[in-house]
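Worksheet: one structure, shown below.
Remember, predicted model here, so these are calculated numbers, not experimental data. Every chain is numbered from 1, with letters handed out A, B, ... down the list of sequences.
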Number of protein chains: 2
Amino acid sequence: MSLEYAILGFLNYRPFSGYELKRVLDESIHHFWPADQSQIYKSLSRLADRGLATVEVIAQEDRPNRKVYHITQEGRKEFLQWVGRTPDSEELRKPFLIQVFFAGMLSDEEAIAVFEDKAAELRGVLERYAAIDDSPTHGEKAGVPPRERFFWYLTLECGTWAMQRELDWLEKTIERIRNKEYEAGPRILPPPQSKES
Amino acid sequence: MSLEYAILGFLNYRPFSGYELKRVLDESIHHFWPADQSQIYKSLSRLADRGLATVEVIAQEDRPNRKVYHITQEGRKEFLQWVGRTPDSEELRKPFLIQVFFAGMLSDEEAIAVFEDKAAELRGVLERYAAIDDSPTHGEKAGVPPRERFFWYLTLECGTWAMQRELDWLEKTIERIRNKEYEAGPRILPPPQSKES
DNA sequence: CCGATCATGTAAGTGGTTACATGATTAT
DNA sequence: ATAATCATGTAACCACTTACATGATCGG
């Protein structure tokens, strides 16, 4: 569903083939919505079935014909309605937390190792995010107006914030385990301060 | 996969039937891993197929027989290995960010409305988390040792932090749109401070 | 009388992944 | 030689969701 809307969003800029879409999706929304190639093709034909896009077949020799998809009036209407809608409530599945939940079955050292590994992974992701940030796609690309770029940038910023905060939490938690603060029972850290930096 | 490990984790405490599991999963890990009833039954029979659990059929009249699952030696081994393993890298699909990405197609007022709606949703989730926190399951339940409860509590705390931080970000972002800060191009907020409260 | 509780499952469908198939052209 | 680029897709599979089916018992 979400992927279909993302594709519709790009078709709203200009027509695309499936192949082209794979490339632009990879360098735009990949950090919060990795899109598989075969999933893109499926979504495109579904959009065409639903009348939200039309196919223009461009004949080619020596390689398969290109299929260029154009958004339709209904497509544009449906898309714009969707962008302005109140967002669906989010997925909350965090496999890592299952490990945390049962970490009581491990020794302090083993549990800390799990948290450290997780922290290392997050640091890696943060580095990759920083790299995207410096890449031409976010930054000063093409003739994209600043307001548009602002919202593109927000998606990166949101991810970075979330990661950085989770990393902070991991580091504090590792400290707490080191200090055996669990002996006092839970509820050691105050809930994050709502306002206030 | 994750659900299977979660189930294995509970079977490691004591034997359970599918029906019982549905109940305990709902009041323990539901906030980061909602488990569907039919998915639980499937996972249980898969665990039995893989030899990680055995089935004890308890005959009953007037209602279907109960099937009580016991963890096996291999099950216990596989589970303990898994808890201590370095965590898999996480899913990063955030449908909301697709909306943000294309929010440039909306007016300031429409975009702000989307962010406000998202903020309202998060506030709702935070309230529900606070309610879980006060419920007997987290808190001082049963004869569960404090170290165990500490890790249970961590799963809630992690979620709360993440939510609260996303909410902070949303509120700041709404302010920035109101002030039309996008006119200066992106990169307005400094990346979240790494250390420092 | 209605709905909850106990207790199991099947069937169909969604959204996504992994692997495979084809095959010419161009760059290293 | 080899890998990447261009360009399309299918097939099988996976985790999960939604809806359905059965049917007794018990409390409001």
Side-chain angles (χ1 to χ4, degrees), chain A residues 1-8 15-27 29-30 32-50 52-53 55-69 82 88-98, chain B residues 1-8 15-27 29-30 32-50 53 55-69 82 88-96 98:
Chain A
M1 207 76 290
S2 298
L3 177 59
E4 273 170 61
Y5 283 115
I7 289 174
L8 224 39
F16 280 98
S17 74
Y19 190 82
E20 285 178 293
L21 271 171
K22 170 64 178 159
R23 294 247 266 60
V24 315
L25 293 178
D26 275 352
E27 53 184 42
I29 65 168
H30 185 259
F32 57 90
W33 201 280
D36 189 79
Q37 175 245 44
S38 57
Q39 193 65 18
I40 292 172
Y41 285 116
K42 266 188 226 167
S43 303
L44 278 171
S45 56
R46 201 124 38 91
L47 287 175
D49 288 350
R50 290 206 284 148
L52 307 179
V55 200
E56 175 198 5
V57 180
I58 295 176
Q60 292 186 134
E61 287 145 21
D62 294 338
R63 68 189 61 181
N65 294 337
R66 295 182 67 218
K67 288 189 178 178
V68 177
Y69 290 81
W82 175 80
D88 302 326
S89 51
E90 301 268 302
E91 267 288 353
L92 19 60
R93 275 166 217 280
K94 301 212 171 200
F96 171 61
L97 290 185
I98 300 185
Chain B
M1 207 76 288
S2 298
L3 178 59
E4 273 170 60
Y5 283 116
I7 289 174
L8 223 40
F16 281 98
S17 73
Y19 190 83
E20 284 178 294
L21 270 172
K22 171 63 178 161
R23 295 248 266 58
V24 316
L25 292 177
D26 275 352
E27 54 184 42
I29 66 170
H30 185 260
F32 57 91
W33 202 279
D36 189 78
Q37 173 246 45
S38 56
Q39 193 65 18
I40 293 171
Y41 285 117
K42 268 188 223 165
S43 302
L44 280 171
S45 55
R46 200 124 40 91
L47 287 174
D49 287 350
R50 291 207 284 147
V55 200
E56 175 198 6
V57 181
I58 296 177
Q60 293 185 132
E61 287 146 22
D62 293 339
R63 68 188 62 180
N65 294 336
R66 295 182 67 217
K67 289 189 179 176
V68 177
Y69 290 80
W82 175 81
D88 302 327
S89 51
E90 300 268 302
E91 267 288 354
L92 19 62
R93 276 165 216 282
K94 300 210 171 199
F96 170 62
I98 301 185

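In terms of phosphate contacts, B:K22 brings no side-chain nitrogen or oxygen within less than 4.0 Å of OP1 or OP2 of C:dA7. Between D:dA15 and B:Q39, no contact under 4.0 Å exists linking OP1 or OP2 to a side-chain N or O. Proximity of A:R93 to the phosphate of D:dT17: a side-chain N or O atom is located under 4.0 Å from OP1 or OP2. The shortest distance between the side-chain N/O atoms of A:R46 and the OP1/OP2 oxygens of C:dG13 is not below 4.0 Å. Within the 4.0 Å cut-off from OP1 or OP2 of D:dT5, not a single side-chain nitrogen or oxygen of A:R23 is found. For D:dC6, one of the phosphate oxygens OP1 or OP2 lies less than 4.0 angstrom from a side-chain nitrogen or oxygen of A:Y19. Of the side-chain N and O atoms in B:Q60, one or more sit less than 4.0 angstrom from OP1 or OP2 of C:dA7.
If you check distances only, the side chain of A:Q37 never reaches the base of C:dT18 with a donor-acceptor pair under 3.5 Å. In the interface, the side chain of A:K42 is paired with the base of C:dG16 through a donor and an acceptor atom under 3.5 Å apart.
With the nearest nucleotide of DNA chain D identified for both B:M1 and A:V68, A:V68 has the one nearer the 5' end. Comparing A:E4 and B:K67 by the nucleotide of DNA chain C that holds the closest heavy atom to each, the one mapping nearer the 5' end is B:K67. DNA chain C is contacted by both B:Y69 and A:D36; B:Y69 maps to the nucleotide lying nearer its 5′ end (nearest heavy atom per residue).
Panel note: side chain A:E90, backbone B:F96; a donor-acceptor pair is recorded below 3.5 Å.
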